[in-house]
Amino acid sequence: MSLQTKACFKKEFLAYLRTYKFLIIALVILGLAVFFPLLIVGTGALMYNLSDFYYYELDTDITGMVEFFGTASSIGVSSSVEAITGIGLIVMIILMNKAAGGEQKKRAIIIPKSAGLRSFSYLFPKFIIYPISVLIMSIISMLASWAVSFLIFEVNDLILSSVLISGALAGVHLMFYACMHLTLGTATGRAGMSAAVCITISMFLPLMFAMMEMDYMFNPFALNTLAQMPLVNNAMSISVLTDIGISTIFVFGIMIALFLVALFAQNAKKIDNSGDEIRL
């Protein structure tokens, strides 16, 4: 690794820590993972207290719903997956704006050649630090969600391997969108536009594919759904595990392709120094 790449790793890592973005993202993901199982149990307790009212006043039996909200830990951990890949994803994208092209807009860094900074050295640390950090956060958060669910739910129907697989898949889901945001943002220098595109895609494309009944295989937008499969069925067959592995490898291939696209876009940029200010 060259000295310039090492310096860029240090710059990116310190920017991630000193702006408290790492801490905020970690607290949000961990907080969502812990809060939603508690919310499920609290909702179940509230419905239990209101069950007599519904039965005698409204002639409605909600016993089945009460049982759904208060029995198995898989329900709590599954709700954490939905929260992390939904709310947590949006928070992550917004907080990554400066790294995803925001610094180019503010002229905080001149890219690529006028200051001797190579495009690879500028981009490579971003595609390592941010995606890997959210993967680790996701796995740790799933373990925390499992621990909380084990304590508050009546039945613990999950095993450690299922929780780890689910956390890893949720983390890969976050990694994919982090790479997409970095590619769009650094290629265009418009972090806000990139964030809006990524958030819109995350909200509508998975729903569209679900309505089309499109399989999760080779579908990077279905990773959030795929992450819940180990929680539904602890004893997954070898074929299902193989499908999950192939889908994950396919998504990693897309992330590598996104990095190459971002690198190509940076190398293709022209710098015009003829005016009063530097324009990328």
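Any value given below was found using the heavy atoms of this structure, including those in side chains, with hydrogens, waters and symmetry copies removed.
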Using 30° and 60° as the class limits, which term best fits the ring planes of Phe259 and Phe124: parallel, tilted or perpendicular?
perpendicular
Report the distance from atom [atom1] of [X] to atom [atom2] of [Y], rounding to the nearest 0.5 Å.
X	Y	atom1	atom2	value
Ile254	Ile249	CD1	CD1	12.5 Å
Tyr130	Leu182	OH	CG	8.0 Å
Lys126	Lys11	NZ	NZ	4.0 Å
Leu226	Thr85	CG	OG1	11.5 Å
Gln266	Arg118	CD	CZ	14.0 Å
His173	Thr248	NE2	OG1	13.0 Å

If you define the side chain from C-beta out and look only at heavy atoms, does anything of [X] sit under 4.5 Å from [Y]?
X	Y	answer
Ile87	Phe36	yes
Ile29	Leu174	yes
Ile25	Val28	no
Cys198	Leu184	yes
Phe9	Thr5	yes

Where [X] and [Y] come nearest, the two heavy atoms and their spacing:
X	Y	result
Leu164	Leu143	CD2-CD2, 3.8 Å
Gly167	Met142	CA-CG, 3.2 Å
Gln228	Ser78	OE1-OG, 2.8 Å
Glu12	Ala99	OE2-CB, 3.8 Å
Ile152	Pro37	CD1-O, 3.5 Å
Leu30	Ala144	CD1-CB, 3.6 Å

Donor-acceptor check, side chain of [X] to backbone of [Y], threshold 3.5 angstrom: yes or no?
X	Y	answer
Ser145	Val34	no
Thr183	Cys179	yes
Ser138	Leu135	no
Ser194	His181	yes
Ser73	Ser149	no
Thr200	Ala196	yes
Ser202	Ile199	yes

Under the criterion side chain to side chain contact (heavy atoms under 4.5 Å, CB included), I'd like the reasoning laid out for Val172 against Phe252: C-alpha separation, chi angles, the key distance, then a yes or no.
CA-CA 8 Å; Val172 174; Phe252 271 99; 4.0 Å; yes
If we count only N and O atoms by modelled type, under 3.5 Å, do the side chains of Ser121 and Gln4 hold a donor and an acceptor together?
yes
Cluster question for you: counting only ILVMFWY and a side-chain heavy-atom cut-off of under 4.5 Å, with indirect links fine, are Ile244 and Leu160 together?
yes
Would Ile256 end up clustered with Val261 when hydrophobic side chains under 4.5 Å apart are linked, directly or stepwise?
no
Within 6.0 angstrom of Phe22 CZ, more than 12 heavy atoms from elsewhere
no
How about CE on Met193, more than 12 heavy atoms from neighbouring residues, nucleotides or ligands closer than 6.0 Å, or not?
yes
